[in-house]
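Here the structure is laid out as structure tokens; the discussion comes afterwards.
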Protein chains: 2
Amino acid sequence: MTGPPHDAERVAAELAAIPLFSALGEEGVARAARAGLSRHYRPGQIIFHQGDPGESLYALLDGMVKVVFSTEQGDEIVLNVLGRGETFGELALLDGSPRSASIVAVRPAWAFALPRARLLELMREHPALADEFLHLLGGLVRRLTEQAADLAFLDLGGRLAKLLLHLAGKHGGADGVVSLPGLTQSDLAALIGASRPAVNRALQSLVARNLIAVEGRTITLLDVAALRKRGGL
Amino acid sequence: MTGPPHDAERVAAELAAIPLFSALGEEGVARAARAGLSRHYRPGQIIFHQGDPGESLYALLDGMVKVVFSTEQGDEIVLNVLGRGETFGELALLDGSPRSASIVAVRPAWAFALPRARLLELMREHPALADEFLHLLGGLVRRLTEQAADLAFLDLGGRLAKLLLHLAGKHGGADGVVSLPGLTQSDLAALIGASRPAVNRALQSLVARNLIAVEGRTITLLDVAALRKRGGL
DNA sequence: GTCCGGATGTGTTCCGCATCACATTCCGGA
DNA sequence: TCCGGAATGTGATGCGGAACACATCCGGAC
């Protein structure tokens, strides 16, 4: 699983496209790539578990993963879905505390892990990296705040509309086509804090009003303006 | 409003009791106190507005404030209630982005504002301060995550029970007495994303089962174990 | 092709809580 | 002291969505 030496170059090529690491410059990116390890994961595999000790920051070089928060009772909420170029496990760097969520691959994934100590070294030498990291955290806090507000104020249909717009922006094509292999309706339900049957019905309702089209796991946004309105934007 | 020079000593005395600043040592705390300004606010006054440019980190030296997030439609959710020794406005330091929430005094408050540039200077000289700040952010992210999960999984009664336990821990006496002048039932409702009448009825229900006692705005927790169970702990 | 397990589509029932509409009590200011 | 506005307590109604229960459907293993 651990990447052989020549992998470092391929890792560096991917890291260079990620804002957080590109701040390091060409030389720094190469050093970062050598300072960590990359692994491949199959769909359904768990990259790390909620509660595990957290000692690394991860960057998703390719594929897709979901961020899952579970309660002791076994209920699950999906906090986010990450694609190529996004990072996770940031909290490990803030304090040494255990992972607050699990990361599960939803399709074949290639992830790069950089140990806390290595990252801190890099930050000392490249203040721009620290800056980028703080930006990252700012975005994280804002997103979580918005998510809480959405749960409080929007109904299921509104949250679903907003979710589809977000997914289209992050993982979709230019024409509103969102292809989501590996993401089931159960996942969508867990993303907006709803039951799976309710999500199904909400999707049907959007289809009936010609706001979206669904075929298999590909969703096409037909009326972005109406969806934005439905989502309170 | 701006503190006259001799105030810096009183500010320093308060800052020394705050983990974030105590990391600076006696000398550093004194410098920090001189680098910012403190002001007093009356109940209902707004310390800063959501959407304002954010250029300072605040420390609440005394009193109590609420963190309010508003939608364009005018709906409000109270993200947190802060007491003496807590900080707010952290996001201003991460990026230069506008305030993501408003801060409103719920009782007479004394707050200290430290400009971003000053704080960054201090951080450069005192790495321990940066460490503490990252801890702070970690706690913030964790709390927001939990809040989202609670909205998704707990019913109104559960969220209320959990809220009361939290408030008792932060602002209450040792014996489970939580005195909350300035905090109305509407505020409690906005803290858990519920309507005001529903909160009233939920409180009555807890009283009827002898889990709490209410007199005016003082709530006494009578059966902490049962409350914890009700809140899913 | 044949199975089988998981994902998807629907119907039915029921309950929590938002919403509206008041009565009542509390409190600060003139 | 009285007054007025805000904060509380309660009732009645309606609806969204959870929970449960199935009937397909689809895709991969063999």
ring-ring contact (aromatic ring centres under 6.0 Å, His included) filter on A/Phe112, not counting sequence neighbours, yields none
Any base atoms under 4.0 Å from B/Ser195, or only sugar-phosphate, or nothing? Heavy atoms, all strands.
base
Scanning both residues in full, the closest heavy-atom pair of A/Ser56 with A/Pro115 reads OG-CA, 3.6 Å
What distance do [X] atom [atom1] and [Y] atom [atom2] have between them, rounded to the nearest 0.5 Å?
X: A/Ser100; Y: B/Glu146; atom1: OG; atom2: CD; answer: 10.5 Å
X: B/Glu55; Y: B/Leu93; atom1: CD; atom2: CG; answer: 8.5 Å
X: A/Leu188; Y: A/Ile219; atom1: CG; atom2: CD1; answer: 6.0 Å

| query | Any ion pair linking A/Arg230 and A/Asp155 (charged N to carboxylate O, less than 4.0 Å)? | reply | yes
Winner on side-chain proximity to A/Leu156, out of C/dC17, D/dG17, C/dA7, is D/dG17
Nearest-neighbour nucleotide for the A/Pro197 side chain, C/dC17, D/dA18, D/dC20 considered: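 Among the listed nucleotides, the one closest to the side chain of A/Pro197 is D/dC20.
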Has A/Arg196 got a side-chain N or O lying under 4.0 Å from the OP1 or OP2 atom of D/dA18? no
ask   = Would you say D/dA6 has OP1 or OP2 under 4.0 Å from some side-chain N or O of B/Gln185?
value = no
How are the rings of A/Trp110 and A/His40 set to each other: parallel, tilted or perpendicular (split at 30° and 60°)? parallel
Contact string for nucleotides 23-30 of chain D, one letter per nucleotide 5' to 3', B = base within protein heavy-atom range under 4.0 Å, S = sugar-phosphate only, - = neither, reads --------
task: Within residues 200-216 of chain B, find the residues that approach DNA chain D with a heavy atom at under 4.0 Å, and present them sorted by residue number.
output: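 Here the set is B/Asn200, B/Arg201, B/Gln204.
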